[in-house]
Amino acid sequence: MMKKIRIVLMTVACAILASCGTTSTVPITGRKQNLLVSDQQVLTLSYQQYQEYMKGAKPSTNATNTQMVKRVGQNLANAVVKYLNANGLAAETQNYAWEFNLVQDQQVNAFCMPGGKIVVYEGLLPVTQNEASLAVVLGHEIAHAVAKHSAERLSNEYKKQYGMQVLGAVAQGAGLGQGTQQLISLGASLGSQLWTSGFSRSQESEADHMGLIFAAMAGYDPQVATAFWQRMAAQGSGSNSLFSDHPSDADRIKNIQGWMPEALKYYTPQKTVSVTSKKTTKKTAKKTTTKKKSTTKKK
């Protein structure tokens, strides 16, 4: 009987939560998501946390690498904005105030706050090794912001807390003993942790997928992603733990290879302009003019 009551109340709770908030579609993947927090709420929290972080962070003193991070990041941002504008999502671009930073930290990591505040650690660059690989990483981080993963995680926490309250009320109302109530609470907590971890892994995979395409849109060869993640695997970055919030290295590489044909459809190599040929033309023109003047004087 208690089991039936629990199922009914949890169904009602889920229905109530599903009816609240807004339903949106993630760009590129088309996945539907239900958000219980607004963009403004998330951005306010994000900017506060970002400012606090930057107060204690030490900007890199390497001007060349700093400019590279800013250049690659801005190229990606431009490609993302162009994509959003072309797909009826121009209103979403108002949520971004892009900023790219390289900081003195030897961790092999980077992150993007909602709103487009991106930080790259110096320790990542020896692993990326080239701009295309850096674009794959920054594309992944930007994807978290574009897909509103932070808002989704916050919404998930609200749902989890509400569900736990409902289960507690059910247990008490059914007159169960304290030991039984603790078992129910423990089981619900374990199930929630598994679901939350799995959800985070799905977010990471979605960011891999979207980031690969964003890099291709910006003119960076997405095919470098496989070698990059193999180098990351050699760093011991992955985990096969059931509760890990990242896919295993093997799964990540396999998925990326599966998405590659799609990413290559968006890839057009960046055009390079030959500055040398222009200078040569100018010098030739000057020499021709000088000869003409010289001929006039002789006459």
Side-chain angles (χ1 to χ4, degrees), residues 26-30 60 62-90 92-102 108-113 115-122 124-147 204-232 252-253 255-279:
V26 178
I28 304 292
T29 67
S60 172
N62 188 313
T64 300
N65 287 342
T66 298
Q67 287 303 313
M68 176 181 67
V69 168
K70 292 181 182 297
R71 179 175 62 256
V72 174
Q74 194 58 57
N75 287 340
L76 283 160
N78 293 342
V80 169
V81 169
K82 182 179 179 180
Y83 172 83
L84 294 175
N85 286 333
N87 287 272
L89 298 169
E92 294 294 324
T93 62
Q94 300 176 5
N95 293 325
Y96 304 108
W98 303 102
E99 190 172 323
F100 306 94
N101 305 277
L102 180 64
V108 182
N109 207 356
F111 66 84
C112 177
M113 301 288 285
K117 306 300 185 183
I118 297 173
V119 174
V120 176
Y121 297 161
E122 285 184 325
L124 178 68
L125 299 185
V127 185
T128 54
Q129 297 182 1
N130 53 68
E131 291 195 18
S133 294
L134 177 61
V136 169
V137 177
L138 294 186
H140 171 98
E141 299 303 334
I142 288 174
H144 279 306
V146 174
E204 289 296 330
S205 291
E206 186 169 60
D208 282 345
H209 183 182
M210 296 171 65
L212 197 67
I213 291 175
F214 287 158
M217 286 179 179
Y220 296 100
D221 186 356
Q223 295 176 101
V224 303
T226 299
F228 165 72
W229 285 113
Q230 287 172 342
R231 293 195 295 273
M232 284 292 286
R252 180 168 242 159
I253 292 170
N255 289 337
I256 285 172
Q257 290 173 337
W259 295 318
M260 195 60 65
E262 179 188 1
L264 287 172
K265 292 179 182 178
Y266 293 90
Y267 175 53
T268 301
Q270 293 179 345
K271 294 181 180 179
T272 56
V273 179
S274 177
V275 178
T276 305
S277 61
K278 289 184 177 181
K279 289 182 178 180

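Every value quoted in this text rests on a predicted model; they were computed, and no experiment measured them. Along the sequence shown, residues carry numbers from 1.
- To the nearest 0.5 angstrom, Leu134 atom CG is 7.5 Å from Glu131 atom CD.
- Rounding to the nearest 0.5 Å gives a distance of 4.5 Å between CG of Leu102 and OG1 of Thr66.
- Residue pairs meeting the salt bridge (charged side-chain N to carboxylate O under 4.0 Å, His left out) criterion with at least one member in residues 206-222, sequence neighbours excluded, are Arg31-Glu206, Asp208-Arg252.
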Step-by-step side-chain contact (heavy atoms from CB on, under 4.5 Å) determination, Asn85 to Thr93: CA-CA 8 Å; Asn85 286 333; Thr93 62; 3.8 Å; yes

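- The SG atom of Cys112 sits 9.0 Å away from the NE2 atom of His144 when rounded to the nearest 0.5 Å.
- Annotation: side chain of Glu122 is not in contact with side chain of Asn65 (no heavy-atom distance under 4.5 Å).
- Minimum heavy-atom separation, Leu138 to Val69: CD1-O, 4.1 Å.
- Closest approach of Ala110 to Val120, counting heavy atoms only: CB-CA, 4.0 Å.
- No donor-acceptor pair closer than 3.5 Å links the side chain of Ser133 to the backbone N or O of Asn130.
- With hydrogens and angles ignored, the 3.5 Å screen pairs a side-chain donor or acceptor of Asn62 with a backbone N or O of Thr64.
- With rounding to the nearest 0.5 Å, the separation of CD in Glu92 from OH in Tyr83 is 12.0 Å.
- Two residues are said to be in side-chain contact when any heavy atoms from C-beta on lie closer than 4.5 Å; Val26 and Met210 meet this criterion.
- Ring orientation note: the planes of Trp98 and Phe100 are close to parallel, at an angle under 30° on the 30°/60° scale.
- Counting all heavy atoms, side chain and backbone alike, Met260 lies closest to Pro222 at CE-O, 3.4 Å.
- The shortest side-chain heavy-atom distance between Val146 and Phe214 falls under the 4.5 Å cut-off.
- Using a 4.5 Å cut-off on side-chain heavy atoms (C-beta onward), Glu262 and Leu212 make no contact.
- For Asn255, the side chain to side chain contact (heavy atoms under 4.5 Å, CB included) partners two or more places apart in sequence, or in a different chain, are Ser205, Trp259.
- Contact annotation: the side chain of Ile118 never approaches that of Phe111 to less than 4.5 Å [non-hydrogen atoms, C-beta and beyond].
- Summarising the geometry of Trp229 relative to Ile256, their closest heavy-atom pair is CD1-CD1, 3.0 Å, with the distance given to 0.1 Å.
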Report all side-chain donor-acceptor pairs from residues 73-82 shorter than 3.5 Å, counting only partners two or more places apart or in another chain.
| unit_1 | atom_1 | unit_2 | atom_2 | d |
| --- | --- | --- | --- | --- |
| Gln74 | NE2 | Asn78 | OD1 | 3.0 |
| Asn75 | ND2 | Arg71 | O | 3.3 |
| Asn75 | ND2 | Tyr220 | OH | 2.8 |
| Asn78 | ND2 | Gln74 | O | 3.3 |

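- Among residues two or more places apart in sequence or in another chain, the side chain to side chain contact (heavy atoms under 4.5 Å, CB included) test is passed with Gln129 by Arg231.
- Partners of Glu99 according to the side chain to side chain contact (heavy atoms under 4.5 Å, CB included) rule, which considers only residues two or more places apart in sequence or in another chain, are Tyr50, Asn101, Lys117.
- Residues satisfying the side chain to side chain contact (heavy atoms under 4.5 Å, CB included) criterion with Ala63, sequence neighbours excluded, are absent altogether.
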Step by step, would you call Tyr121 with Val108 a side-chain contact (heavy atoms from CB on, under 4.5 Å)? CA-CA 7 Å; Tyr121 297 161; Val108 182; over 6 Å; no

